[in-house]
Amino acid sequence: MNIGTLLSELFTDTVGVSLPRFRPELTLVATIVLLLLCRMLPLLRRLDSGLLAFGGVCFASWYAYADFLGLGGLPGDAVVASAGGRQEIFGGLVVFDSLTAFLRLILTGFLVLYVLLTKLSGIPDREDGADFYALVLGSSLGMCLMASANHLLMVFLAVEMASVPSYALAGMLKGRPASSEAALKYAVYGAGAAGVMLYGISLIAGVLGTLQLPAIPGELARVLSAGGTGGSAMVLCLGGLMLTVGLAFKLSAVPFHFWCPDVFEGAAAEVGAFLSVASKAAAVALLVRVAFGFGVPAGGAESAVAATVTALVDVRHFIVYVIGLLAAITCTFGNLAAYGQTNMKRLLAYSTIAHAGYLMMAVAAAVAMAAAAPAGARDAITAVAFYLATYLFMNLGAFGIVALLRNRLRSEEIAAYGGLIQTSPGIVVAMAVVLVSLIGLPPLSGFVAKFLVFSSLVDAITAGCERPLMLLLLVVGGLNTVVSLFYYLRVLKVMTFDPLPEDRVAEPFPLVSISGAMVTGLVVPVVVFGIFWSGLYAAAQLAGAIAS
Amino acid sequence: MNAAVVENAAFWPLTLIVFLPAVVAAFLSLPLVPKAREEVVRWITLGTTAVVFLLSLWLAVPQLFGPVGPGQFVLGNPDMQGVVKLPWIEAFGIEYLLGVDGISLPLVVLTTFLSMLAAAASWPISKHVKAYHVLFLLLESGMLGVFVSLDFFLFYVFWEVMLLPMYFLIGIWGGPRREYAAIKFFLYTLLGSVLMLIAILMLYFTSDVGLLSDEQLIATHVVSPATAVDEIAAIRAADGAVHTFNLMALAAIGQLPNSPFAATTVWLDTSLETWAFLLLLIGFVIKVPVVPVHTWLPDAHVEAPTPISMILAGILLKLGGYGILRICYPICPGAGLSLAWLVCGVGVVSMVYGAFAALAQTDFKRMVAYSSVSHMGYVMLGLGVWSAVDGQEYRWDFWAQGVNGAMFQMLAHGISSAGMFFMVGVLYDRVHHRNLQEFGGIFGKMPVYSGLAIAVFFAGLGLPGLCGFIGEVLVTLSSWNYSRVLAVISAFTVILTAAYILWAIQRVYLGAEYRGPHEEALTPITPRELSIATPLVFLAIVFGVAPQTLFQYVTPTVNQQVETLADWTRDVHDGTRKLLVAAEHAPADSLRPAARLHDLAEREGAR
C-alpha cells in the first residue's frame, strides 16, 4: 500500500465518514477559535463574548439534537437494535453510537443553559468572558470525546483535554486566595491521577498488545485462558486498577475525591456547576465505555467465541466488584461528610460525590448483567442516562440558585440563608424542589432516577447476577437515601424555620424577573420529568441500547 | 367502547377527590390571592375540603344524591369498584389505577371528613396562613391518593408526597421542640418507605401476570374488558415475564399455588415473600406505629399544632393498618401465615406499653398520643389473628371477626383520637399549657365543652354504646381462638385504658376549681369549636349504637379477602386442591377459544 492510497483512504474516512458525525464538536472548536480571535482584534473586542459563546453552543446543541434524532427515534427501531447504531470514526479512535449522541445532547444542552446562567449571575465579568467561555467550551470538547472514546489513548487524551481547562477555571476568581489554592490543589491532584492512569494504560498495552477497546475482550480472553503466564494477570489487574484511579478522579469517587470539596468551595459557584454536572456526566459515560470495553465483547455476548465468554466472566466479576465497592464507599462517605458542612458549595460538593456513588451502582449492575441478562443491562444503562439527564437540571438548578443568591446575600454560607422564606418565598420553593429531588422523593425527577437505579439493582438480584454485591449496594443505597435527608433538609430548615439574620440587607428575590425565569426554567423540568417521564425514559432507552 | 366508558366511570369523582385539594393549593400559592387576606385563604381551604367531603359522600352514599349512577359505590359488592385505569409509564407498566372497595372507601370518607374538621380547626393559626393552608391541602391530596391508588408505584408516590408537607406543618407551626419532632417524624417514615421501595421492586421484578388465568387477568384489571382479547393474547405471547405494579394482580400472583414470590430465594435461604413481607411490614408499622418504632409519634403529636395532630392521629396512623391489610397479607400470604405471631405480638406489646406509658404522662397531649399507640395495638392484633386453621379444623370466621374489628377500630379511633386531640387543643388555646397536674375544675368553667370532651374520652376508653367499644371487643374475642394468652392480656389492657382516661378526666375536668395559669382565659366554647366537636361526638355515639352503618361497607370486602386467604391456607395445609389448581392453570389457558374470552369481557364490562 503506497502513501497515496493511504492518504486518500484517510481523507475519505475523515471527510466522508467521520466529520459528519463530529458536527457538534466541530462547532465547539469553531466557537473557541472565534472567541479567541475576537479577543485579539481591537474592533471585535467590543463584541460580547457571552453572546458569541451562546450562539456557538446553540448551534452545537442543534447538531447534537439532529444526530440524536437521526439515530432512528424510538426504541425498537431497526437502527437501534444493532447495538445503538454503532459506528467507529477517525480510524476507530472514537465511536459514534446512541450513548455518544445522548451524552453530547446532554452536554451541549447543559452548555446552552449554563451560558445563560453565567450571563445572569455575572461571573465571568466582561473582561474575563472570552477566557472563561473558551475554557468552558474547550473542556466540554474533551468531555464529548470522553463520552465517545473507543481507544485507551483517546481515553487519556480526552480526560486531559477536559481536565486542564478546568484547572484554570477553578482559579478564575483571581483576587481570591481560596480560588488559587483550589486551582493548585486540583491541578496537582489531577496531574498525579493522570500520571497513574497513563502508567496503567501502558501496562495494559504491554500485555495485551492493543489499546482498541473493542479488541480488548478478545485479547484479554487469549491472555487469561493461556493461564496468565509470567504474571500477566497480575499486571493486568494492576493496570486496570491504575486506570480506575484516573476514572475515579474524574468521578470524584472516594478515596480520590479530596480535590472536590476544596475546589467547589474555592471556585465560583458557576465553575462548581460545570464540574458537578458536565464533568460528572462525561466521567460516568467514560466509565461505562471502559467497563463495557473490557468486560463485554462488542456486538453482544452471543456473537463472541465461546472461549472468550467464559474467560470474561472473571474479568467482569473483577470490574463489577471494583466499581460496586467504590460506589458503596463513595455514596456512604459523601453523604456522611456532607452532614457536617456549613458552606453551601461544600455541601453540594459532597452531594455530588454521593450521587456519583448512586450512578456507579447502576454501572456496576449493568456490567454484572451484561452477559446473563442483556435486557437488564440495557435497562441499567438507561437508568444511568436518565439519571444524568435529571441530574443536569437538579444540580444546575442548585448551583444556579446558590450563585444568584450569592449576588444578593454576598455569602454562600448556609447560615446566611436564614429566614429567606420571608423575603423571597419563590426562590425558597425552587430550592426546596431541587433539594427534595436530590434526596429522591416523589413526585420529582430525582426520585425516578433513584427508582431506576434501585430497580436495576433489584433486576440484577432477581436475575442472580452478582447477588451478594447487588444486595449490599441496594441496602447501602437505601440507607444513604435516608442519611441524605438530614443535610438537604437542614438547608431547607434554615431557609424556612430560622429567623432572619440581624445584619442582613433584606433584598427580595422575586421569581418574576429574568433570573427568576431562569431558575423557574431549571426547576420546572425537575417536576415535569418526575411525573411525565415516559418521553425522557424512551430517549434514555435509546442511549441504553449500546448494552444490547 | 361502552365497556371502556363503564370502566373509567369514576374517573372524575376519584380524580377530583384526590387532586382537587392539590389544584386549589397550587392556585393559592399563586400571587393572585393577596397574603393579607387571611380570611379568604381560610374560607377557600374550608370550602375545598367541604367539596371533597361531599364528593366522597356522593361516591359512598349515593342514596343521598338520587338514584345510583355509574361510578358510585354499590353496597354489598365486595369487589373493587369505580376502577379508573389509564396508562402512565408504559415502559414499566405503571398505570393511573384507582378504585375503592369496602376497605378503602370508609377510610376515604374518614379522611375527607376529618380534613374538613381540621381545616375548621385551623382558624387560630395566624403565622404564614397562606403557606399553612397550601401545605395542608397538599397533605390531604397525598392521604387520599394513598387510599384510592391500586398501582403500587402510584401508591408509593402518594405515600411519599405526604411526608414533606407534614414535615413543614410540624416544623414551622409546631410547639417548642418542633424542629426535633419534625425531622424525627421524617426520618422514621423515610426509613420505612425506603425499605418499602426495595420490597416493591423485588415484588415487581419477580411478578409475572402470565401466570394468571384469563378470568383473573380481567378480574384484577390487568387488562381492560374492552380490549381483553388482544391484551391477553399479547401477554400470552410475550417471551419473558410481564411484570406488574397492579396491587390486585400482585395479590392474585402471591396467592397462586406456584407463587413466584414463595419460590424465589433471595438471601439466607428465605423466600422473597418473607423478605418482602418483613420490609413492607416495617414500613407500615412505623406509620401505625408499634413499639419499638413508635417514638416519633409522641414527639410529633405533641409538637404539631392541633389540626395537624387531628390529622396525624385520625388518618396518618390508619395508613399503616390499611397498608398491612391491603398489601402485606394478600400479596405475601405465606409469610403472613408464618409470621402471624410477630404481628400479633407487636400489637399486644404496643397495646400494653402504650397504656402504661399513657398512665405515666403529665402532659395531656402526650397522654393522648400514647393512647393512640395503645389503641392501634388492637388494630395490629385484629389484623394478625390468622386463625383460619386451628389444628385440624378449618374455620375462618374468627379471623374475619378480628379483621372486621380491626377495621372498625381504625375508623372509630379516627373519630375518637381526632376528637381527643381537638379537645386538648381547645384547652391549650385558652390556658397555653397542658400539664395534667395544673388542671382541674374545668367543668365549672366550661360545662358544654367538658360534657362533649368527656363523651369523646369515653369513646376512646371503649365504653359500651360508644364507638371505641365495638372494635376492641371484636378483636379481643377473635384473638381467643388464636392465643388465649394474648386475648387475656388484651382484655386486661382495657382496665389500664380505663385507668388513664378516667384519671385524666378526673384531674382535668373534675375537681373544685382551676388553679393553673391563665384562669381568666377559660371562656366557654365558641360556636366554631362547637361545630367541630359536635359531629365527632355525634359520630362516636352513632357508630357505638349502630355499628352496622360502618360494617355494611367493611364486612363484604373483608370477609371476601379473609375467605380467599383462608382457602389459600387450607390449600397449603391440604395439598389435594393444590394439584387441582395447578392443573387448571396449565397452559390450557392459552388455548382457550377467543369467543369465551369475549363473553367474559362483556360480562365484566356490563358490571
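Lettering follows sequence order; numbering is per chain, from 1. Below, each value reflects all heavy atoms present in this structure, side chains not excepted, and no hydrogens, waters or symmetry copies. The structure presented is a predicted model; accordingly, all values stated were derived computationally and were not measured.
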Quiz prompt | Verdict with reasoning, A:I461 to B:F205, per side chain to side chain contact (heavy atoms under 4.5 Å, CB included) | solution = CA-CA 9 Å; A:I461 292 169; B:F205 278 103; over 6 Å; no
Self-check item: Nearest-0.5 Å distance that lies between atom CD1 in A:I439 and atom CG in B:L164
Solution: 7.0 Å
Exercise. Quick one: pull up NZ in A:K493 and CZ in B:R178 and give me the separation to the nearest 0.5 Å.
Key: 10.0 Å
Practice problem: Check whether any side-chain heavy atom of A:L441 sits under 4.5 Å from a side-chain heavy atom of B:V161, and report yes or no. | Solution: no
Quiz prompt | Point-to-point distance, once rounded to the nearest 0.5 Å, from CG of B:L190 to OG1 of A:T481 | solution = 7.0 Å
Quiz prompt | Heavy-atom contact with chain A under 4.5 Å, split by part of B:Y204 | solution = neither
Practice problem: With a 4.5 angstrom heavy-atom cut-off, could you sort out which part of A:D498 is near chain B: side chain, backbone, both or neither? | Solution: side chain
Exercise. Using the six-membered ring wherever Trp is involved, compare the ring planes of A:F451 and B:F153 and label them parallel, tilted or perpendicular (cut-offs 30° and 60°).
Key: perpendicular
Quiz item: Checking A:L474 against chain B: side chain, backbone, both or neither under 4.5 Å from a heavy atom?
Solution: both
Quiz item: B:F168 vs A:F497 aromatic rings, parallel, tilted or perpendicular, using cut-offs 30° and 60°?
Solution: perpendicular
Practice problem: Side-chain contact test, heavy atoms from C-beta onward, threshold under 4.5 Å: evaluate it for B:I94 versus A:W533 and give yes or no. | Solution: yes
Practice problem: Return the option, out of B:I172, B:L272, B:L197, B:I200, with the maximum number of heavy-atom pairs under 4.5 Å with chain A. | Solution: B:I172
Quiz item: Between atom CG of A:L489 and atom CZ of B:F186, what is the distance when rounded to the nearest 0.5 Å?
Solution: 5.0 Å
Quiz prompt | Spacing of A:T496 atom OG1 and B:H128 atom NE2 [to the nearest 0.5 Å] | solution = 8.5 Å
Quiz item: For the residue pair A:P443 and B:V157, what are the closest heavy atoms and their distance?
Solution: CB-CG1, 4.2 Å
Quiz item: Where is the tightest heavy-atom contact between B:I183 and A:F486, given as atom of each residue plus distance?
Solution: CG1-CE2, 4.1 Å
Practice problem: Go through the atoms of B:W159 and report whether side chain, backbone, both or neither lie under 4.5 Å from a heavy atom of chain A. | Solution: neither
Quiz prompt | Close side-chain approach of A:Y537 and B:E90, heavy atoms under 4.5 Å | solution = no
Quiz item: Does the side chain of A:L444 come within less than 4.5 Å of B:E160's, by heavy atoms?
Solution: no
Self-check item: OG1-CG distance between A:T462 and B:L203, expressed to the nearest 0.5 angstrom
Solution: 11.0 Å
Practice problem: Would you name the heavy atoms of B:L201 and A:S455 that are closest together and state the gap between them? | Solution: CD2-CB, 3.4 Å
